[in-house]
2 protein chains.
Amino acid sequence: MTDAPTKDYVLDDQVGFVMRRANQRHLGLFAAHIPDLTPTQFAALAKLCELGETSQNALGRATAMDAATIKGVVDRLRRKGFVDQRPDPDDQRRLLLKPNAAAWEAYDALVPAAHAITRDTLAPLTDGEQAIFLMLLHKLT
Amino acid sequence: MTDAPTKDYVLDDQVGFVMRRANQRHLGLFAAHIPDLTPTQFAALAKLCELGETSQNALGRATAMDAATIKGVVDRLRRKGFVDQRPDPDDQRRLLLKPNAAAWEAYDALVPAAHAITRDTLAPLTDGEQAIFLMLLHKLT
DNA sequence: GCAAACTCATTTGCGTACAAACAATAATCA
DNA sequence: TGATTATTGTTTGTACGCAAATGAGTTTGC
């Protein structure tokens, strides 16, 4: 009997590497369905519509973006005309963000595409596998 | 009987969003174990040691990075003293990259940490779940 | 009532990631 | 051979993503 080599590290089998590639594939599918918004921008838009008026940092927390990141994303969404902002009268540190009419219109129009992106991303799996995968993926959060 | 609303799009349940958060958690674990190299840099280093002397673009393909990205990664690895480069005598376009002694030393020293990162990332799952998850994740590549 | 601790938004710096364009070189095939 | 096509490496521009630092404002504890 020989000791199995304990060393062998195969990059292509590491979770992180595979996850990165799966994510790359997903980003490609996203861009194909929604070319005018990045996944991050769409996430912020969707959450903003979900939550209604919110502060910038709170929106960041809801979308898993830190303060520096959400600022850039919100700036770009504002430049595209989707977000109205005003200072919070009750807390002078806060910047209140609100989805405007254009935001709702875009959101409603894009939800079917967003569903299609999820469907396409998971397409290599059977329905049963998709459910299992999502369940396990959630646990890795 | 009422029609179930077909609209409801819950951001937090979309593959892309959950995958992004799982990846964020993984990046945090990576940085905790290997603070001096990013996951991408380690991937390039590991692949370079796996492959031996390779051209820059070929290394990029092997690590799923496009030409622009691998250039930056290789530049940083070179700045850290891990990569020797020379022009390919057989193809004047090519830049041949080779892991040097420092690269091998770092790679050998970091493989245990890299295994620990994979282990920690998958820790919320049982052994059986880990196998299933990796199998399904591979299919989404 | 006040100082310490915290929160909010912002900035800077670094590191992926990709698109698009470019010049130089190689390969193909008419 | 000579023209077309492809590949290699590079640069520029845009967009996350986080760390760390800052200044302004708020909360807490004593």
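Scope of the values below: all heavy atoms of this structure, side chains included, with no hydrogens, waters or symmetry mates. Here is how names work: the chains are called A, B, and so on, in the same order as the sequence lines, proteins then strands, and each is numbered from 1.
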Trainee: How long is the span from the NZ atom in K139(A) to the CG atom in L134(A), to the nearest 0.5 Å?
Mentor: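 Separation between the atoms: 13.0 Å.
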
Trainee: Separation of R61(B) atom CZ from dC18(C) atom P, in whole Å?
Mentor: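 Checked: the CZ to P distance equals 14 Å.
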
Trainee: Out of dT25(C), dT16(C), dC8(C), which nucleotide sits closest to the side chain of R76(B)?
Mentor: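 Output: dT16(C).
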
Trainee: Would D75(A) and R79(A) pass as an ion pair if we require N to O under 4.0 Å?
Mentor: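 Salt bridge: no.
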
Trainee: Taking the nucleotide of DNA chain D with the nearest heavy atom to each, does A58(B) or R79(A) sit closer to the 5' end?
Mentor: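 By nearest-heavy-atom nucleotide position, the 5'-most residue is A58(B).
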
Trainee: Does dC16(D) have its OP1 or OP2 closer than 4.0 Å to a side-chain nitrogen or oxygen of R20(B)?
Mentor: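 Answer no for this pair, as no side-chain N or O of R20(B) is under 4.0 Å from OP1 or OP2.
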
Trainee: Do side-chain atoms of N100(B) reach the backbone of G81(B) as a donor and acceptor pair under 3.5 angstrom?
Mentor: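 Answer holds: yes.
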
Trainee: May I have the distance from R78(A) (atom CZ) to dA9(C) (atom P), rounded to whole angstrom?
Mentor: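 That distance rounds to 13 Å.
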
Trainee: Calculate, to the nearest 0.5 Å, the distance between atoms CG and OG1 belonging to L95(A) and T54(A) respectively.
Mentor: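 Between atom CG of L95(A) and atom OG1 of T54(A) there are 11.0 Å.
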
Trainee: Which of these nucleotides, dA9(C), dT11(D), dC16(D), is closest to any side-chain atom of Q41(A)?
Mentor: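 Among dA9(C), dT11(D), dC16(D), the one nearest the side chain of Q41(A) is dC16(D).
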
Trainee: Kindly point out which of dA26(C), dT10(D), dT26(D) is positioned nearest to the side chain of D91(B)?
Mentor: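 So the nucleotide nearest the side chain must be dA26(C).
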
Trainee: Please assess F17(A) against F42(B) for the test ring pair (Phe, Tyr, Trp, His ring centres under 6.0 Å), listing each intermediate value before the final yes or no.
Mentor: CA-CA 10 Å; F17(A) 189 71; F42(B) 181 74; over 10 Å; no

Trainee: Between T40(B) and L95(A), which is nearer to the 5' end of DNA chain C once each is assigned its nearest nucleotide?
Mentor: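 Looking at the nearest nucleotide for each, L95(A) comes out on the 5' side.
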
Trainee: Which is more 5' along DNA chain C, the nucleotide nearest K80(B) or the one nearest P89(B)? Just name the residue.
Mentor: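 Looking at the nearest nucleotide for each, K80(B) comes out on the 5' side.
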
Trainee: Using whole Å, report how far CZ of R94(A) lies from C1' of dT10(C).
Mentor: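 One finds 16 Å between C1' of dT10(C) and CZ of R94(A), rounded.
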
Trainee: Rounded to whole angstrom units, what separation is found between the CG atom of D88(A) and the C1' atom of dT7(C)?
Mentor: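 In whole Å, dT7(C) C1' and D88(A) CG are 13 Å from each other.
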
Trainee: Figure out the CZ/C1' separation between F42(B) and dG15(C), and round it to whole Å.
Mentor: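 Nearest whole value for this atom pair: 18 Å.
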
Trainee: K71(A) NZ to dT12(C) P: how many Å, rounded?
Mentor: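 Between P of dT12(C) and NZ of K71(A): 11 Å.
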
Trainee: I'd like to know if K47(A) pairs up with D12(B) as an ion pair, taking the criterion as any Lys NZ or Arg NE/NH1/NH2 lying under 4.0 Å from an Asp or Glu carboxylate oxygen.
Mentor: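 Looking at D12(B) together with K47(A), the answer is yes, because their closest N to O distance falls below 4.0 Å.
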
Trainee: Is it true that D88(A) and R93(A) make a salt bridge, defined as a side-chain N closer than 4.0 Å to a carboxylate O?
Mentor: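 No, this pair does not count.
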
Trainee: Quick one: is S55(B) getting a side-chain N or O under 4.0 Å of the dT8(D) phosphate, OP1 or OP2?
Mentor: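 False: S55(B) side-chain N/O out of range (4.0 Å or more) of dT8(D) OP1/OP2.
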
Trainee: Report yes if at least one side-chain N or O of T38(A) is closer than 4.0 Å to OP1 or OP2 of dA15(D); otherwise report no.
Mentor: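 No, outside the criterion.
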
Trainee: What does nucleotides 18-24 of chain D look like as a protein-contact string, B for base, S for sugar-phosphate only, - for none, at under 4.0 angstrom between heavy atoms?
Mentor: BB----B

Trainee: Looking only at heavy atoms, which two atoms of I70(A) and T63(A) are closest? And how far apart?
Mentor: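 Distance-wise, the nearest heavy atoms are CD1-OG1, 3.9 Å.
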
Trainee: Please report, rounded to the nearest Å, how far the C1' atom of dC22(C) is from the CG atom of N57(B).
Mentor: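 Rounded to whole Å, this separation is 15 Å.
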
Trainee: dA26(C) phosphate, OP1 or OP2: any side-chain N/O from Q92(B) under 4.0 angstrom?
Mentor: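 Result: yes.
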
Trainee: Any idea which of dC8(C), dT10(D), dT10(C) is nearest the Q56(B) side chain?
Mentor: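 In terms of side-chain proximity for Q56(B), the closest of dC8(C), dT10(D), dT10(C) is dT10(D).
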
Trainee: How close or far is atom P of dT25(C) from atom CG of D90(B), stated in whole angstroms?
Mentor: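 My rounded result for the distance is 15 Å.
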
